[in-house]
Amino acid sequence: MADSLNPPLSYEASASTTHQHEATSLPSEVVQCLKNSRFLHLATCDNDLTPHISLMSYTYLPSTPYDPYPTIIMTTNPTSRKTNHLLSNPRVSLLVHDWVSHRPPTRTPNPGGRDGSPPPAASRSSLATMLLNLNTSALSSISTTITGNARFLEPGSEEEDWCKERHLENNTFDEEEISMFGQRQPQDPSQRRPSLAIDDDVRVVIVQVREGRIADWKGGVRDWVLLPTSEQEQLVNGV
């Protein structure tokens, strides 16, 4: 019997549409990833086919007053590489996962200098094993890729102001300090601060969530498509 702790070395063929799921609502796994994950990976490409990937703070909303479809809000520096890419090519791919990623101990005595893998001896004691499992345990076993077109909101528009407010609300966290004895020291609620800064000249980018792919850690994949409802077809800019 194969070791269930080891990922397979062969994966499901997925060059074309695979096990496509079509529905008028997002798959629950996709919603879970979008709600739980702190960051997403944004892949862009310019007209010269030069790819670029950025780690992004984001806000997921099931809908907005301006768009009935599920929406992802991001902000970007107007002089960044990804902004230049998006201005020339709005096609994007987003990767979202909500598990903690840390390499488990390798079996080879010489792991090739990988600092991320603890030595096998580190996992021999029950305490070390417990701590390692806590660090490598998954909140989920899947990730989702979202493909679509990014759209810059008009600077100074009502939609941009509304999305900026929601984005700041969604990325403001209760900060805690860790004492020298490992105890968490809750901070005054007035000290809550956002994890990102939104300057006046920042560009707001939104992506409709309409199609993508779910992948699990074993290599299985399932494509999904969000079908429009009659209400979604009728609503344009919230009207």
Side-chain angles (χ1 to χ4, degrees), residues 26 30-99 101 142-173 175 192-215 223-226 228 232 235-239:
L26 290 178
V30 174
V31 174
Q32 177 180 324
C33 272
L34 289 170
K35 286 184 175 181
N36 289 347
S37 183
R38 173 75 180 269
F39 302 103
L40 61 74
H41 296 81
L42 167 67
T44 61
C45 190
D46 62 14
N47 288 332
D48 294 329
L49 303 182
T50 302
H52 179 65
I53 298 179
S54 303
L55 188 66
M56 304 289 291
S57 296
Y58 73 97
T59 293
Y60 161 71
L61 298 174
S63 65
T64 76
Y66 309 93
D67 195 331
Y69 282 94
T71 300
I72 290 177
I73 303 171
M74 296 172 286
T75 55
T76 178
N77 186 311
T79 60
S80 67
R81 180 179 298 179
K82 57 182 169 290
T83 296
N84 292 333
H85 280 198
L86 293 173
L87 288 172
S88 62
N89 180 4
R91 293 287 296 172
V92 297
S93 182
L94 312 176
L95 174 65
V96 188
H97 67 79
D98 64 355
W99 64 73
S101 178
I142 64 100
S143 65
T144 186
T145 302
I146 298 167
T147 57
N149 289 321
R151 178 170 68 92
F152 284 104
L153 300 185
E154 187 68 26
S157 65
E158 181 181 302
E159 182 179 10
E160 187 197 55
D161 291 342
W162 189 91
C163 288
K164 277 185 177 181
E165 291 180 8
R166 303 292 83 74
H167 194 42
L168 276 173
E169 291 171 355
N170 191 68
N171 288 278
T172 300
F173 305 99
E175 300 290 347
R192 296 174 75 241
R193 57 184 182 271
S195 65
L196 76 167
I198 297 184
D199 299 324
D200 292 338
D201 62 343
V202 75
R203 297 301 304 271
V204 179
V205 184
I206 65 170
V207 177
Q208 276 190 348
V209 182
R210 301 191 66 167
E211 63 178 315
R213 168 171 287 185
I214 297 171
D223 292 298
W224 55 268
V225 175
L226 182 63
Q232 288 173 334
L235 286 174
V236 178
N237 290 331
V239 179

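The model shown is predicted, which means the values in this text are computed figures rather than measured ones.
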Worksheet item: Taking C-beta and beyond as the side chain, do L153 and I73 meet within less than 4.5 Å on heavy atoms?
Response: no
Practice prompt. Output all residues satisfying salt bridge (Lys or Arg N to Asp or Glu O under 4.0 Å) with R166, sequence neighbours left out; order by chain, then residue number.
Written response: E169
Worksheet, complete the sentence: dist L40:CG -> C33:SG (nearest 0.5 Å) comes out at 11.0 Å
Worksheet entry | Contacts of S37 that satisfy side chain to side chain contact (heavy atoms under 4.5 Å, CB included) - sequence neighbours left out | Y58, V96, D98
Item to complete: Flag yes if more than 12 heavy atoms outside I53 fall under 6.0 Å of its CD1 atom; otherwise flag no.
Response: no
Response to the item:
Hits for side chain to side chain donor-acceptor pair (under 3.5 Å) against N170, two or more places apart or cross-chain, chain-then-number order -> T59
Item to complete: Would you check if I146 and W224 make a side-chain contact, meaning some heavy-atom pair closer than 4.5 Å?
Response: yes
Practice prompt. Any chance you could lay out the side chain to side chain contact (heavy atoms under 4.5 Å, CB included) test for V202 and K164, step after step, and finish with the verdict?
Written response: CA-CA 10 Å; V202 75; K164 277 185 177 181; 3.8 Å; yes
Item to complete: Could you pull out the closest heavy-atom pair between C45 and P51, with the gap in Å?
Response: SG-N, 4.1 Å
Item to complete: Measure the spacing between OG1 of T76 and CZ of F152 and express it to the nearest 0.5 Å.
Response: 6.0 Å
Discussion item. I need the minimum non-hydrogen distance between L226 and V209, along with the two atoms involved.
Written reply: CD2-O, 3.4 Å
Practice prompt. Would you check if the side chain of T71 reaches a backbone N or O of Y69 as a donor-acceptor pair within less than 3.5 Å?
Written response: yes
Fill in: Spacing of SG belonging to C163 relative to CG belonging to L168, to within rounding of 0.5 Å
11.5 Å
Worksheet item: To the nearest 0.5 Å, how far apart are CG in N171 and CE in M74?
Response: 12.0 Å
Fill in: Residue list, side chain to side chain donor-acceptor pair (under 3.5 Å) with H41, at least two apart or on another chain
none
Worksheet item: Heavy-atom distance under 4.5 Å between the side chains of V207 and L42, does that happen here?
Response: no
Worksheet item: Do V204 and H167 have side-chain heavy atoms sitting under 4.5 Å apart?
Response: no
Worksheet item: Atom CG in L94, atom CE in M56: separation rounded to 0.5 Å?
Response: 9.5 Å
Item to complete: Would you check if K82 and H52 make a side-chain contact, meaning some heavy-atom pair closer than 4.5 Å?
Response: yes
Worksheet item: Backbone N or O of Y66 within a donor-acceptor pair of the T64 side chain at under 3.5 Å?
Response: yes
Item to complete: Applying side chain to side chain donor-acceptor pair (under 3.5 Å), name anything that partners D46, two or more places apart in sequence or on another chain.
Response: none
Worksheet entry | Side chain to side chain, R151 and P90, heavy atoms closer than 4.5 Å | no
Item to complete: To the nearest 0.5 angstrom, please state how far the CZ atom of R38 sits from the CG atom of L55.
Response: 10.0 Å
Worksheet entry | Pairs where residues 84-94 contributes a residue and the test side-chain hydrogen bond (donor to acceptor under 3.5 Å, both in side chains) is met, not counting sequence neighbours | T44-H85
